[in-house]
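Contents: one structure, followed by commentary.
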2 protein chains.
Amino acid sequence: MANEMLDHAVRTLRDSGVRMTPQRHAILEYLTAEHTHPTADDIYRALEHRFPNMSVATVYNNLRVFREKGIVEEMNYGDASSRFDFVTTRHYHMICEECGKIVDFNYPVLDDVEAVAAHLTGFKVNRHRLEVYGTCPDCQKNVQ
Amino acid sequence: MANEMLDHAVRTLRDSGVRMTPQRHAILEYLTAEHTHPTADDIYRALEHRFPNMSVATVYNNLRVFREKGIVEEMNYGDASSRFDFVTTRHYHMICEECGKIVDFNYPVLDDVEAVAAHLTGFKVNRHRLEVYGTCPDCQKNVQ
DNA sequence: TAGACTATTTATAAAGATTACAATTTGAGA
DNA sequence: TCTCAAATTGTAATCTTTATAAATAGTCTA
């Protein structure tokens, strides 16, 4: 499963002329293996023991490339760092306002919103973003 | 209209023990008068001629207070600065990916999404955020 | 397989947004 | 008016992300 996703991503990148480097491959591996919506720094720290000379800029460069190719989705949560999510099936995010945890949930794609928005504003619509904010089960316990 | 919104905001703040200062009032005035989704820096620059000694920190401090009281909504668009929107009626945002322009549009509130998300994840839901991204009419012209 | 070309990485500096902090000032109730 | 906590100011610091130039390394072609 994780391997299929990885292979597919590698193929997509190669097909559009992006070279495969060990660092790039490792970042993809990490993104397909983890479902933790990591920040750039999370990724950097997870890989620095395998690539002691790797630069933070490399992580950012690659995440930008992946985003441009539709391999990952970038999310800005508040003023903290961006988080990156490997794009698989269409899903939305539930975000805990206490601890920042992000959980995926499935919901039918909101095509209608896009159509209405396009009609009302005259914009050409590319995509949309929906996030639900609340308190996760763990933090609900801690409050009590 | 703008005055009613302003008065209401001032009352809400006073009622929860927030003091009214000239700077604070001016920021509220600006937010209710403009519908441009300004950044903290926009607000700072718009008011510095009236308050030559005002600090940027004051703008940030107040925007945080307003956000905590539900008076304004903070939006992060990419890696640029946050933008702030005076909360009036429930609406969503259409954002141009070329020039960053933000336009409001109305759509029935997505209560169902919140209910489904709560059920699937076990979170206690507070709110949600929906943004549609695309190209505004002006930028569509420029591309051609 | 070697050579060449260009993409990528690295290392570092720089930019930009936001926050922290301590001293000063000020709003509002008694 | 007095008092005290809240707010403001000015500045430094933090943190994320990008820019840049030199070095390195993929991949294509012969």
Side-chain angles (χ1 to χ4, degrees), chain A residues 9-30 37-69 71-84 100, chain B residues 9-30 37-69 71-84 100:
Chain A
V10 171
R11 237 174 296 129
T12 302
L13 289 169
R14 277 197 208 281
D15 289 352
S16 56
V18 174
R19 291 181 184 168
M20 199 44 51
T21 66
Q23 296 90 335
R24 190 164 274 166
H25 199 270
I27 295 172
L28 285 173
E29 279 174 41
Y30 185 79
H37 310 86
T39 64
D41 195 59
D42 290 336
I43 299 170
Y44 174 70
R45 277 201 262 234
L47 300 180
E48 65 180 344
H49 69 284
R50 279 176 61 192
F51 299 91
N53 292 326
M54 187 170 65
S55 167
V56 195
T58 298
V59 178
Y60 278 101
N61 288 340
N62 283 314
L63 289 172
R64 177 162 31 77
V65 171
F66 298 161
R67 186 190 58 207
E68 286 167 359
K69 300 299 176 191
I71 308 264
V72 303
E73 180 189 1
E74 180 174 358
M75 298 174 288
N76 299 90
Y77 171 63
D79 6 303
S81 328
S82 286
R83 290 168 171 279
F84 296 86
Chain B
V10 171
R11 237 175 295 128
T12 302
L13 290 169
R14 277 198 210 281
D15 289 352
S16 57
V18 175
R19 290 180 185 168
M20 200 42 53
T21 68
Q23 296 90 334
R24 189 165 274 167
H25 199 270
I27 296 172
L28 284 174
E29 279 173 41
Y30 184 80
H37 311 87
T39 64
D41 196 59
D42 290 336
I43 298 169
Y44 174 70
R45 278 200 263 236
L47 299 180
E48 64 180 344
H49 70 283
R50 279 175 62 191
F51 299 91
N53 292 327
M54 185 171 66
S55 168
V56 195
T58 298
V59 177
Y60 278 102
N61 288 340
N62 283 313
L63 289 171
R64 177 161 30 78
V65 171
F66 298 163
R67 187 191 57 207
E68 286 166 359
K69 300 299 177 191
I71 307 263
V72 303
E73 180 187 0
E74 180 173 359
M75 297 175 288
N76 298 92
Y77 171 62
D79 4 303
S81 328
S82 286
R83 290 169 171 278
F84 296 85

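Computed from a predicted structure; not experimentally measured.
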Considering just the side-chain nitrogens and oxygens of [X], establish if one lies under 4.0 Å of OP1 or OP2 belonging to [N].
X        : N       : value
Ser81(A) : dT16(D) : yes
Ser82(B) : dT18(C) : yes
Tyr60(B) : dT19(C) : no
Arg24(A) : dT9(C)  : yes

Contacts under 3.5 angstrom, residues 46-54 of chain A side chains, donor-acceptor by atom type, not counting sequence neighbours:
{"residue": "His49(A)", "atom": "ND1", "partner": "Ala46(A)", "partner atom": "O", "Å": "3.2"}

### Task
Taking salt bridge (Lys or Arg N to Asp or Glu O under 4.0 Å) as the test, write out the residues that go with Arg64(A), two or more places apart.
none
### Task
Starting from the first five and the last five pairs of the helix from dT1(C)-dA30(D) to dA30(C)-dT1(D), work out the angle between the resulting helix axes, to 10 degrees.
40°
### Task
Can you tell me the distance, in whole Å, between the CG atom of Leu63(B) and the P atom of dA7(D)?
14 Å
#### Entry: Rounded interatomic separation in angstrom, taking CD1 from Ile27(B) and P from dT9(D)
9 Å
### side-chain hydrogen bond (donor to acceptor under 3.5 Å, both in side chains) against Thr58(B), all qualifying residues, sequence neighbours excluded
none
Distances for protein N/O vs nucleotides 20-26 of chain D N/O pairs under 3.5 angstrom?
{"residue": "dG26(D)", "atom": "N2", "partner": "Arg19(A)", "partner atom": "NH2", "Å": "3.0"}

### Task
Residues of residues 46-53 of chain A with any non-hydrogen atom less than 4.0 angstrom from an atom of DNA chain C: list those, numerically ordered, please.
Asn53(A)
#### Entry: Residues forming a side chain to side chain contact (heavy atoms under 4.5 Å, CB included) with Ala9(A), sequence neighbours excluded
Leu28(A), Ile71(A), Phe86(A)
### Message
Once side chain to side chain donor-acceptor pair (under 3.5 Å) is applied, what residue pairs with a partner in residues 11-20 of chain B remain, sequence neighbours excluded?
### Response
none
